[in-house]
2 protein chains.
Amino acid sequence: MGKEEAGVGAPRTRRARATLRDVAEAAGTSRSTASRALGGHGYVAEHIKKRVREAADRLGYVPDASARTLKGSSSGLVGLLVSDLRNQFYAELAAGVEHTLSAAGYQVVLADDHGDEHMAQNGARAFLAMRADGVLLAPVGRAATELLVEHETPVVEVDRRSGVRGCDAVAIDSEHGARAAVEHLIALGHREIAVVIDETKWETGKGRVRGYRAALRAAGLPASRRHVLDLGLTPSDHQEELARFLDRATGVTAVFAANNVVAELVWQELKRRGSGVPERCSVVSFDDLGWMRMVEPGITAVRQPVFEMGSRGAELLLERVGNGGRRRSTEVLRPELVVRGSTAAPKH
Amino acid sequence: MGKEEAGVGAPRTRRARATLRDVAEAAGTSRSTASRALGGHGYVAEHIKKRVREAADRLGYVPDASARTLKGSSSGLVGLLVSDLRNQFYAELAAGVEHTLSAAGYQVVLADDHGDEHMAQNGARAFLAMRADGVLLAPVGRAATELLVEHETPVVEVDRRSGVRGCDAVAIDSEHGARAAVEHLIALGHREIAVVIDETKWETGKGRVRGYRAALRAAGLPASRRHVLDLGLTPSDHQEELARFLDRATGVTAVFAANNVVAELVWQELKRRGSGVPERCSVVSFDDLGWMRMVEPGITAVRQPVFEMGSRGAELLLERVGNGGRRRSTEVLRPELVVRGSTAAPKH
DNA sequence: CTGTTAGCGCATTCAG
DNA sequence: CTGAATGCGCTAACAG
């Protein structure tokens, strides 16, 4: 008795998983014919094709992706690395990426580095191991991007630019957005404007400070270092630090919060100390989240097309996958100022 | 000239990708020895091991995951299917899942079905194809779960239960939470309490309505159908529908919003029509999001341990992966009522 | 139009 | 302790 007979008649000895071989046998053809019939390439007689398809259905056949990847040149996988999925910004980014990629038939492998460069590298290595066709990164450093680029994996950096050559990027025009926000405050009559931010080492943060400074300069206002608070990314006593900053910042009539995280902090602190917004202090945020139109008064904010940025990044990546030789491009998306109630002319 | 020589001295003709064979050759050993040296199994002389490791580093060798999967019995991949990543609830769920899984060395493959059962099935098929070691689902129907379970892929349903046998589940005790919310309103003196919800076909929605009814019943209050608004999940004129509902709902002094989506809708509509919260209408939400403590007054809400639910689901899955024979379990997490300013005694 | 052959990269027998 | 041989499941040449 050959081993093929094993289990015949045995109660429910389910075959672990139907393979192309099983389908071919059931349909009475060779494996390659079955492959062609299912894959739709090459010539296969119509009636055979039908027979194979039926056999495949009957057996619940699902082609093995690993085998395909091993054999072929594409894994159908794209890596996505974000800094913090709990932050709505990244969640929306991920949604945009997923949307475009899944529509194109790719699977998204998600990794969250929690802002840690070491974890980012681990993620990159994993993407490499699974032969990801491409990777989207919101990097925390150069290392992950470099590793990937060295191994000739197409990379698109999203929202941040590490400066590594050989990758595409899509980002928001931080400088422009910040400048628009601060110009709006200046137009209302504010003269002493504070900026609160949590990182200034990447292009994103740098750009926002540049935009802030540019607006002041253009209006002939002095840029005091006392008006800049960089909280840093390491989670610490940010609330308290902000409180002390505001205590010291006498004369300040408006605050520019450089992203949604610090905007939340600023809003809470201002509310806590009963500084009326906008009567005693105007607030404008870079990044427009749902809650900002839910609170009273609504928060004036620079709206970034975050979902679109993710989906555009994915498109850029797909182009690269289709045509590796294309020259690298950086796409810059324009944000837009949405004026709500949190900004008004200063009382004095 | 053998093809091995091709490219020698040529400017930067990088080998596509170093394989174990390349490492073995560079180290002057056989492939199997190299495999053992890197994998850490079996006996390999210390100095050889070192030599292999160095060669691997030098070549930037990254083991091929597809080959491993094909050869071995585990892919190291876990599928995660959510309904809408833009919804903070699912984003946080995903964060919890990713956290636990990546710590255990697994990669997370993310799919978003946008509440469409057909896309859910596609996702499930993709997970099957890549031999996911397990899958976490927030299903929109039975089909995806059934497909996976038939193919003996461990499944954990999160936040929802399709009723399919053979899978684990972790969920929030909706009935308990809803009851606590409504009892809180009753204790404040409310007699006519409306509930707004967007689905009542799954256990989650059903449980919330049950909890609502149970609280009324326990207090001897009548449960009028006029006080229940089920908006349905299909995106339509929800805002308008809600407005009409509130117009008709004379006598209602409090609204129970059954999840974060409808809570936002209710809050906006109440604000729009200037119905003071809580003076003219109290509001309590099932699901506590960041904005609910940012608005004035803060929204009383049933807080669900969402991140924890994701991470607990992942743990359950890992147990199953380690021990497929374990009997299936459903874990129920208790939510907690957080009282804020949006609920108060009715004026009249 | 169909079947035979070969090999993707790896880990695992089994002999030495 | 090491190496040669084998096969995971699939597809792409190549002959028939």
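Labels below follow one simple rule: chain letters A, B, ... track the order of the sequence lines, proteins then strands, and each chain is numbered from 1.
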Rounded to the Å, how far apart are [X] [atom1] and [N] [atom2]?
X     : N      : atom1 : atom2 : value
B:R21 : C:dC10 : CZ    : P     : 11 Å
B:H47 : D:dC1  : NE2   : C1'   : 10 Å
A:R17 : D:dC8  : CZ    : P     : 14 Å
A:L70 : C:dA6  : CG    : P     : 18 Å
A:Y43 : D:dA13 : OH    : C1'   : 15 Å
B:E25 : D:dG3  : CD    : P     : 13 Å
A:D22 : D:dC8  : CG    : P     : 11 Å

Short side-chain N/O contact to D:dC8 OP1/OP2 from B:T69, under 4.0 Å: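 So the side-chain polar atoms of B:T69 never come under 4.0 Å of the phosphate oxygens OP1 or OP2 of D:dC8.
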Are [X] and [Y] close enough that some pair of their side-chain heavy atoms sits under 4.5 Å apart?
X      : Y      : result
A:S83  : A:R160 : yes
A:L20  : A:L38  : yes
A:E152 : B:R17  : no

Which donor-acceptor pairs under 3.5 Å do the side chains of residues 110-123 of chain B make with protein atoms, sequence neighbours left out?
residue : atom : partner : partner atom : Å
B:D112  : OD1  : B:H114  : N            : 2.9
B:D112  : OD2  : B:L85   : N            : 2.9
B:D113  : OD1  : B:G115  : N            : 2.6
B:D116  : OD1  : B:H118  : N            : 3.0

Pair up each side-chain donor or acceptor in residues 127-137 of chain A with any protein partner under 3.5 Å, not counting sequence neighbours, and list the distances.
residue : atom : partner : partner atom : Å
A:R131  : NE   : B:D64   : OD2          : 2.6
A:R131  : NH2  : B:D64   : OD2          : 3.0
A:D133  : OD1  : A:S75   : N            : 3.0
A:D133  : OD1  : A:S75   : OG           : 3.4
A:D133  : OD2  : A:S74   : OG           : 2.8
A:D133  : OD2  : A:S75   : N            : 3.4
A:D133  : OD2  : A:G76   : N            : 2.8

Salt-bridge present (B:R326, B:D168; N to O < 4.0 Å):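 Salt bridge flag = yes for B:D168 with B:R326.
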A:E25/A:R21 salt bridge by N-O under 4.0 Å criterion: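 Yes, this pair counts.
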What nitrogen or oxygen pairs link the protein and nucleotides 11-15 of chain C at under 3.5 Å?
residue : atom : partner : partner atom : Å
C:dA11  : OP1  : B:R68   : NE           : 2.6
C:dA11  : OP1  : B:R68   : NH2          : 3.2
C:dA11  : OP2  : B:S35   : OG           : 3.0
C:dA11  : N3   : B:K71   : NZ           : 3.3

Name the atoms and distances for all side-chain donor-acceptor pairs under 3.5 Å in residues 307-314 of chain A, with sequence neighbours left out.
residue : atom : partner : partner atom : Å
A:R312  : NE   : A:E331  : OE1          : 3.4
A:R312  : NE   : A:E331  : OE2          : 2.5
A:R312  : NH1  : A:E315  : OE1          : 2.5
A:R312  : NH2  : A:E331  : OE1          : 3.2

Nearest heavy atoms of B:R51 and B:A27, plus distance in Å: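 Minimum heavy-atom separation between B:R51 and B:A27: NH1-O, 2.8 Å.
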End-to-end axis angle, where each axis spans five pairs of the helix from C:dC1-D:dG16 to C:dG16-D:dC1, to 10°: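 Roughly 50°, once rounded to the nearest ten degrees.
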Contact list for DNA chain D against residues 122-131 of chain B - heavy-atom distance below 4.0 Å: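 Contacts with DNA chain D under 4.0 Å: B:R131.
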Contact nearer the 5' end of DNA chain D, comparing A:S66 with B:A45: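 Checking each residue's closest nucleotide, the 5'-ward one belongs to B:A45.
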Result of checking A:R142, A:E157, A:E203 against A:S162 for side-chain hydrogen bond (donor to acceptor under 3.5 Å, both in side chains):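 Output: one option passes, namely A:E157.
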Exam field: side chain A:S35 to backbone A:R31, donor-acceptor pair closer than 3.5 Å: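 Side chain of A:S35 to backbone of A:R31: no pair is present.
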